[in-house]
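Every chain is numbered from 1 and lettered A, B, ... according to where its sequence line falls, protein lines coming before strand lines.
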Amino acid sequence: MKQGGFSFDFDRIVDTTNKDYYKWTQWIFVQLFKKGLAYRDKTYINFCPSCKVVLSNEESQGGKCDRCDTVVVQKEKDVWFLKITDHAERLLEGLKKLDTLPRIRIEQENWIGKSTGAHVDFRVKDTNESLMVFTTRPDTLFGSTFMVIAPEHGIIERQKAKINNLDEIYNYLEGAKLKTEFERVELAKDKTGVRIDGLVAINPVNNKEIPIFVADYVMIGYGTGAIMAVPGHDTRDYEFATKYNLDIVEVISGGDISKEAYTDSNEGILVNSGIINGLNVPEAIDKIIEFLEENKIGTKAINYKMKDWAFNRQRYWGEPIPIIHCPKCGMVHVPEEDLPVVLPQVEKFEPSDEGESPLSTIEEFINVKCPKCGTMAKRETDTMPQWAGSSWYFLRYTDPRNDDKLADFDKLKYWLQVDWYNGGMEHVTRHVIYSRFWHQFLFDIGVVPTEEPYKKRTAQGLILGSDGYKMSKSKGNIVNPLEIIEAYGADTLRLYILFIGDYEQSTPWNENGVKGARRFLDKLARLEEKVSDQMNDSYQTILHKTIKMVSEDIESVKFNTAIAKLMTLVNEFTKADHIFKEDFEALLKIVNPFAPHICEELWERIGHNEDMVNAPWPEYDESKLVESTIEMVVSINGKVRDKIKLPLDTPKEEVIVLAKSTDKITSLLEGKEIRMIIVVRNKLVNIVI
RNA sequence: GCGGGUGUGGCGGAACUGGCAGACGCGCUAGACUUAGGAUCUAGUUCUUAGGAGUGCAGGUUCAAUUCCUGUCACCCGCACCA
């Protein structure tokens with residue numbers, strides 16, 4: 001970093017693995033625990049048999065471990081959760097105020113996955129329980145002709161005495177278990193399921209008895225793990241109903257349900273639907289929810305795809321969770337004054353085969369007195385994920401050595417919000433959601449002065465290997481920046497990376513391009529020989545234009561075009577027979593952000609003792625931006641035919657006369673009738689024939 | 001399937017509210033200086049049947065379209081039996 005010449009304040013270094021830092025990560029956890037936002041629960045978790053580690057949903061996308069690609073298995077375990085779902089709505093709301101890339105915004109919205117609809121209770125006949133479903137389309141309730149529950153749904157065990165085909169069902173559940181989440185999704189085309197013989201549900205709006213199926217196309221993790229199937233208006237239900245010969249009822253007119261489900265039904269009118277017949281869809285939804293609530297069979301509901309954040313890991317490298325398990329008091333947090341709970345020295349860094357944390361074998365770490373009652377108790381041995389420390393580190397920059405607080409409130413007030421947070425594309429989704437959640441929480445307990453951490457959030461494009469693929473060790477297409485600095489210099493590297501392409505776009509690395517950047521710097525250095533005390537008018541316009549455009553490009557993060565313009569200017573200076581010293585200084589100042597080392601060097605060589613970084617940014621002279629003579633394009637029917645040189649702001653009538661009089665244009669116009677002439681001031685003349 | 005993004009020379013990429021398509025760089029070609037050139041400089045470099053054609057493809061609006069509209073294709077990314 002230092003070699004690259006970045007202007008970071010290295011006095012404010014923050015290291016999330018340092019105990020003076022993670023003390024505050026643990027402190028935040030304690031606050032979350034006190035507010036009930038950190039809780040422990042037994043659940044099926046994603047477990048990677050290779051890393052021997054519990055994974056969050058975020059880390060096991062596609063059913064594979066995001067570190068080693070091993071297929072993830074489900075395992076029952078005690079899991080620490082952070083109740084991020086409590087913030088679902090706020091996280092979504094706050095997004096509106098965040099200035100960010102469309103892509104990031106969409107990913108966030110997707111991740112939160114809000115949908116509105118209703119919860120509806122379906123009584124199960126001859127039992128004392130009912131199945132609750134979530135639906136976004138309560139208006140189609142009258143068309144629900146069967147129900148489907150997820151294989152993991154608890155009702156199977158609870159009502160097994162009533163089920164006649166238990167063997168068949170268990171058999172199916174076994175099969176479903178063997179499939180990974182990934183396969184269940186992949187083999188989506190062919191729907192399988194088993195009817196639960198013995199259990200019948202009652203559709204609460206028309207009291208019809210409908211069969212219940214168990215099928216793995218319903219997920220336990222989303223909604224309630226049970227659905228009301230409306231085959232007439234849902235493709236999956238339609239497919240299932242056709243396969244198992246179930247009733248298909250049309251409740252929204254407009255389609256042809258003998259051929260396929262009519263899903264594009266927002267236009268249609270309700271039919272076969274009792275009290276909501278004749279209404280359009282939005283009206284029907286309102287009315288049926290009203291009905292459900294009046295009769296206590298359902299409620300309006302909002303569902304989020306996002307789940308609580310599984311927060312414990314069994315890795316060594318992580319902040320120990322500051323909780324003590326006391327036989328008398330239960331779970332007690334470590335008192336704030338006793339923080340940090342320091343990560344002990346350990347011989348074995350690997351978790352046990354059972355997936356226990358490596359800390360679990362260290363007696364002197366585990367055994368501890370309960371801070372409440374003094375009884376011998378045991379420490380929690382799981383640690384936090386890497387996300388913990390990275391969810392708030394930027395706050396610590398404001399006050400990196402504070403030992404009393406995670407950061408002084410007044411300092412936070414001075415610095416926050418972060419004006420612009422930029423980071424790598426690969427971490428964006430999770431980092432944005434986690435850090436905003438923590439920040440909102442810290443705001444709620446009065447630790448930070450703003451509800452949202454940053455105003456603007458972007459991510460820069462990746463630099464790919466020269467083969468156009470993502471750089472990776474296995475592909476052998478890695479470029480080591482230090483080697484480039486060694487061979488071409490830090491300025492070259494900086495310049496090339498910024499010149500290579502659009503800031504947000506991924507671009508392949510090209511060593512030849514690096515040479516080009518170096519050539520530019522060599523050219524710049526050679527200009528020094530031409531510096532003189534004599535003014536030079538020959539390049540004034542382009543100089544001032546470049547100052548203006550480079551300033552603007554930097555503001556709008558278009559570094560590639562800024563550098564292109566600098567190159568043009570240097571080419572222009574190369575042609576000049578001498579360069580006025582002040583003009584050369586102006587050039588150095590605008591090249592400086594891209595190539596600071598060489599500019600400082602040249603700055604000194606032309607007689608400055610003071611550092612260049614403190615020199616003011618040059619200003620352009622408005623009067624020098626435009627030349628007095630301009631070139632106008634003369635086109636016929638939109639095709640460029642000739643160019644004429646004219647004084648700036650020549651009146652329209654004169655322009656027309658001059659345009660028509662050139663040799664080329666006269667010959668082309670011969671014998672033709674001019675239908676109209678369009679003049680764009682100082683730009684072009686278009687003659688239509 | 002849904003959503004987002006991107007399609008411009010041999011390559012990376014420019015082109016503000018429609019107004020000279022290909023800036024700038026790489027690569028390539030020829031020449032100069034040189035024992036030499038992988039240094040430097042100069043000239044050229046979208047294609048071309050030399051009239052034109054040309055910004056993924058097909059239409060449309062306009063005096064004028066990479067830019068606006070309609071349709072369509074391809075690639076990349078994200079989500080995904082989401083009820």
Worksheet item: Looking for any heavy atom pair under 4.0 Å, which part of the strands does Lys639(A) touch: base, sugar-phosphate only, or nothing?
Response: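 Sugar-phosphate contact only - Lys639(A) comes under 4.0 Å of backbone atoms but never of a base.
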Worksheet item: Picking from C81(B), A64(B), C20(B), which would you name as closest to the side chain of Lys191(A)?
Response: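 Looking only at side-chain atoms, Lys191(A) lies closest to C81(B).
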Fill in: Options A14(B), A64(B), C24(B), nucleotide nearest the side-chain atoms of Thr561(A)
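Among the listed nucleotides, the one closest to the side chain of Thr561(A) is A14(B).
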Worksheet item: When the distance from NZ of Lys683(A) to C1' of U17(B) is rounded to whole Å, what number comes out?
Response: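 Value for this atom pair: 10 Å.
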Fill in: Distance between P atoms of A23(B) and G13(B) (Å, rounded)
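Here A23(B) and G13(B) have their P atoms 15 Å from each other.
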Item to complete: Could you work out which one of C24(B), A83(B), G13(B) sits closest to the side chain of Asn571(A)?
Response: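 Closest of the options to the side chain of Asn571(A): C24(B).
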Worksheet item: If you look at every strand shown and take non-hydrogen atoms under 4.0 Å, does Arg641(A) touch a base, only sugar-phosphate, or nothing?
Response: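 Sugar-phosphate: the residue Arg641(A), judged by heavy atoms under 4.0 Å, touches backbone atoms but no base.
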Discussion item. Under 4.0 Å from OP1 or OP2 of G25(B): is there any side-chain N or O of Lys515(A) that close?
Written reply: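 So the side-chain polar atoms of Lys515(A) never come under 4.0 Å of the phosphate oxygens OP1 or OP2 of G25(B).
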Worksheet item: Out of Thr666(A), Ile687(A), Val685(A), which one pairs with Lys660(A) under the side chain to side chain contact (heavy atoms under 4.5 Å, CB included) rule?
Response: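 Output: one option passes, namely Ile687(A).
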Practice prompt. Find the distance Lys305(A):NZ to C82(B):C1' and express it as a whole number of Å.
Written response: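 Roughly 6 Å, once rounded to whole Å.
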Discussion item. Is it the case that the side chains of Ser144(A) and Asn203(A) hold a donor-acceptor pair, with the cut-off being a distance below 3.5 Å and no angle test?
Written reply: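 Result is no, nothing qualifies.
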Worksheet entry | Touch class at under 4.0 angstrom, heavy-atom based, for Ser506(A) against every strand present |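 Sugar-phosphate, no base atom in range.
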Worksheet entry | Counterpart residues, side-chain hydrogen bond (donor to acceptor under 3.5 Å, both in side chains), relative to Asp286(A) (two or more places apart) |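 Asp286(A) satisfies side-chain hydrogen bond (donor to acceptor under 3.5 Å, both in side chains) with no other residue.
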Worksheet item: What nucleotide among A14(B), C79(B), A21(B) has an atom nearest to a side-chain atom of Asp502(A)?
Response: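 Looking only at heavy atoms from C-beta outward on Asp502(A), the closest nucleotide is A14(B).
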Worksheet entry | P gap between C2(B) and U67(B), integer Å |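 C2(B) and U67(B) have their P atoms separated by 26 Å.
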Worksheet entry | Any Asn560(A) side-chain nitrogen or oxygen under 4.0 Å from OP1 or OP2 of A14(B) |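 Checking Asn560(A) against A14(B): at least one side-chain N or O falls below 4.0 Å of OP1 or OP2.
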Worksheet item: If you measure from the P atom in G27(B) to the same atom in A15(B), how many Å do you get, rounded?
Response: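 Their P atoms lie roughly 23 Å apart.
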Discussion item. At 4.0 Å (heavy atoms only), tell me whether Gly113(A) reaches a base, stays on the sugar-phosphate, or touches nothing.
Written reply: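 No contact at all - Gly113(A) keeps every heavy atom at 4.0 Å or more from the nucleic acid.
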Worksheet item: Taking atom C1' in both A65(B) and U55(B), what distance in whole Å separates the two?
Response: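 To the nearest whole Å, 10 Å.
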Discussion item. Would you measure the distance from the P atom in C69(B) across to the matching atom in G7(B) and give it in whole Å?
Written reply: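 Per the computed distance, 16 Å lies between those P atoms.
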Discussion item. Is the phosphate of A15(B) approached by Lys558(A) (side-chain N or O, under 4.0 Å from OP1 or OP2)?
Written reply: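 True: Lys558(A) side-chain N/O within range (under 4.0 Å) of A15(B) OP1/OP2.
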Discussion item. Does Lys114(A) reach a base, just sugar-phosphate, or nothing at all? Heavy atoms under 4.0 Å.
Written reply: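 Since no nucleic acid heavy atom lies under 4.0 Å of Lys114(A), the category is nothing.
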Practice prompt. May I ask you to say what Val633(A) touches in the nucleic acid, namely base, sugar-phosphate or nothing, with a heavy-atom cut-off under 4.0 Å?
Written response: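 It contacts base atoms.
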Worksheet entry | Atom NZ of Lys652(A): over 12 foreign heavy atoms under 6.0 Å |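 No, not enclosed.
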Discussion item. If I take atom CZ in residue Arg236(A) and atom C1' in nucleotide C81(B), what distance separates them, rounded to the nearest angstrom?
Written reply: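 Going from Arg236(A) (CZ) to C81(B) (C1'), I get 5 Å.
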Worksheet item: If you look at every strand shown and take non-hydrogen atoms under 4.0 Å, does Ile106(A) touch a base, only sugar-phosphate, or nothing?
Response: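 Sugar-phosphate only.
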Discussion item. Side chain of Glu107(A) only, heavy atoms from C-beta on: which candidate in C82(B), G78(B), C81(B) is closest?
Written reply: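 Output: G78(B).
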Worksheet item: Within a radius of less than 6.0 Å around CZ of Arg123(A), do more than 12 heavy atoms belonging to other residues, nucleotides or ligands occur?
Response: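 Incorrect, the count does not exceed 12.
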Worksheet item: According to a strict under-4.0 Å criterion, is Asn510(A) in side-chain N/O contact with OP1 or OP2 of G13(B)?
Response: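 Checking Asn510(A) against G13(B): no side-chain N or O falls below 4.0 Å of OP1 or OP2.
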Worksheet entry | For atom CD1 of Ile112(A) and atom C1' of A80(B), their distance in whole Å |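 After rounding, the reported distance stands at 17 Å.
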Practice prompt. Output yes when at least one side-chain N/O atom of Thr429(A) is less than 4.0 Å from OP1 or OP2 of G78(B), else no.
Written response: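 No, because none of the side-chain N or O atoms of Thr429(A) sits under 4.0 Å from OP1 or OP2 of G78(B).
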Worksheet item: Can you check side chain to side chain contact (heavy atoms under 4.5 Å, CB included) on Val432(A) and Glu107(A), steps first, answer last?
Response: CA-CA 10 Å; Val432(A) 171; Glu107(A) 280 176 20; over 6 Å; no
Discussion item. Distance check needed: G5(B) P versus Asn110(A) CG, whole Å only.
Written reply: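 Atom-to-atom, Asn110(A) to G5(B), this comes out as 13 Å.
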Worksheet item: If we take the C1' atom in both A74(B) and C82(B), what is their distance in whole Å?
Response: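 Result for the C1' pair: 29 Å, nearest Å.
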Worksheet item: For atom C1', what is the distance between G18(B) and U62(B), given to the nearest Å?
Response: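 Their C1' atoms lie roughly 9 Å apart.
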Worksheet item: Is the base of G9(B) syn or anti, if syn means a glycosidic angle within 90° of 0?
Response: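 G9(B): syn glycosidic orientation.
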Worksheet item: What do you reckon, are the aromatic ring centroids of Phe240(A) and Phe213(A) less than 6.0 Å apart?
Response: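 Yes, the ring of Phe240(A) comes within the 6.0 Å limit of the ring of Phe213(A), centre to centre.
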Item to complete: Verify whether one side chain among Asn303(A) and Ser115(A) offers a donor that lies under 3.5 Å from an acceptor in the other.
Response: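 No, no side-chain donor-acceptor contact under 3.5 Å.
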Discussion item. Side chain of Ile500(A), heavy atoms from C-beta onward: which of G12(B), A83(B), U6(B) has the nearest atom to it?
Written reply: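 Of the candidates, G12(B) comes closest.
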Practice prompt. Quickly work out the Asn512(A) CG to C24(B) P distance and round it to whole Å.
Written response: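 Asn512(A) atom CG is separated from C24(B) atom P by 19 Å.
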Item to complete: Rounded to the nearest angstrom, tell me the gap between atom CG in Asp234(A) and atom P in C2(B).
Response: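 Going from CG in Asp234(A) over to P in C2(B) covers 14 Å.
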Worksheet item: Looking for any heavy atom pair under 4.0 Å, which part of the strands does Leu684(A) touch: base, sugar-phosphate only, or nothing?
Response: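 Result for Leu684(A) = base.
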Practice prompt. Have a look at Arg103(A) and say if it touches a base, only the backbone sugar-phosphate, or nothing, with a 4.0 Å heavy-atom cut-off.
Written response: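 The answer is sugar-phosphate, as Arg103(A) gets under 4.0 Å only of primed atoms, P, OP1 or OP2.
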Discussion item. Students often get this wrong, so: under 4.0 angstrom with heavy atoms, is Val680(A) touching a base, only sugar-phosphate, or nothing?
Written reply: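 Here Val680(A) touches the bases of the nucleic acid.
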Worksheet item: Nearest nucleotide by nearest heavy atom, which residue falls closer to the 5' end of RNA chain B, Glu631(A) or Met567(A)?
Response: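 The answer here is Glu631(A).
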Worksheet item: What dot-bracket string describes RNA chain B from 5' to 3', counting Watson-Crick and G-U wobble pairs whose defining distances are under 3.5 Å, with [ ] for crossing pairs and | for pairs to another strand?
Response: (((((((..(((......[....)))((((((.......))))))((....))..(((((..]....))))))))))))....
Item to complete: Indicate, with a heavy-atom threshold strictly under 4.0 Å, whether Asp522(A) touches base, sugar-phosphate, or nothing.
Response: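 Since no nucleic acid heavy atom lies under 4.0 Å of Asp522(A), the category is nothing.
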Worksheet entry | Distance, P atom - from C26(B) to A39(B), rounded to whole angstrom |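 Comparing P positions in A39(B) and C26(B) gives a spacing of 11 Å.
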Discussion item. Can you measure Arg519(A) atom CZ to G37(B) atom P for me and round it to whole angstrom units?
Written reply: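 Whole-Å distance recorded here is 16 Å.
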Worksheet item: Should Arg526(A) be listed as having a side-chain N or O under 4.0 Å from OP1 or OP2 of C41(B)?
Response: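 Yes, because at least one side-chain N or O of Arg526(A) sits under 4.0 Å from OP1 or OP2 of C41(B).
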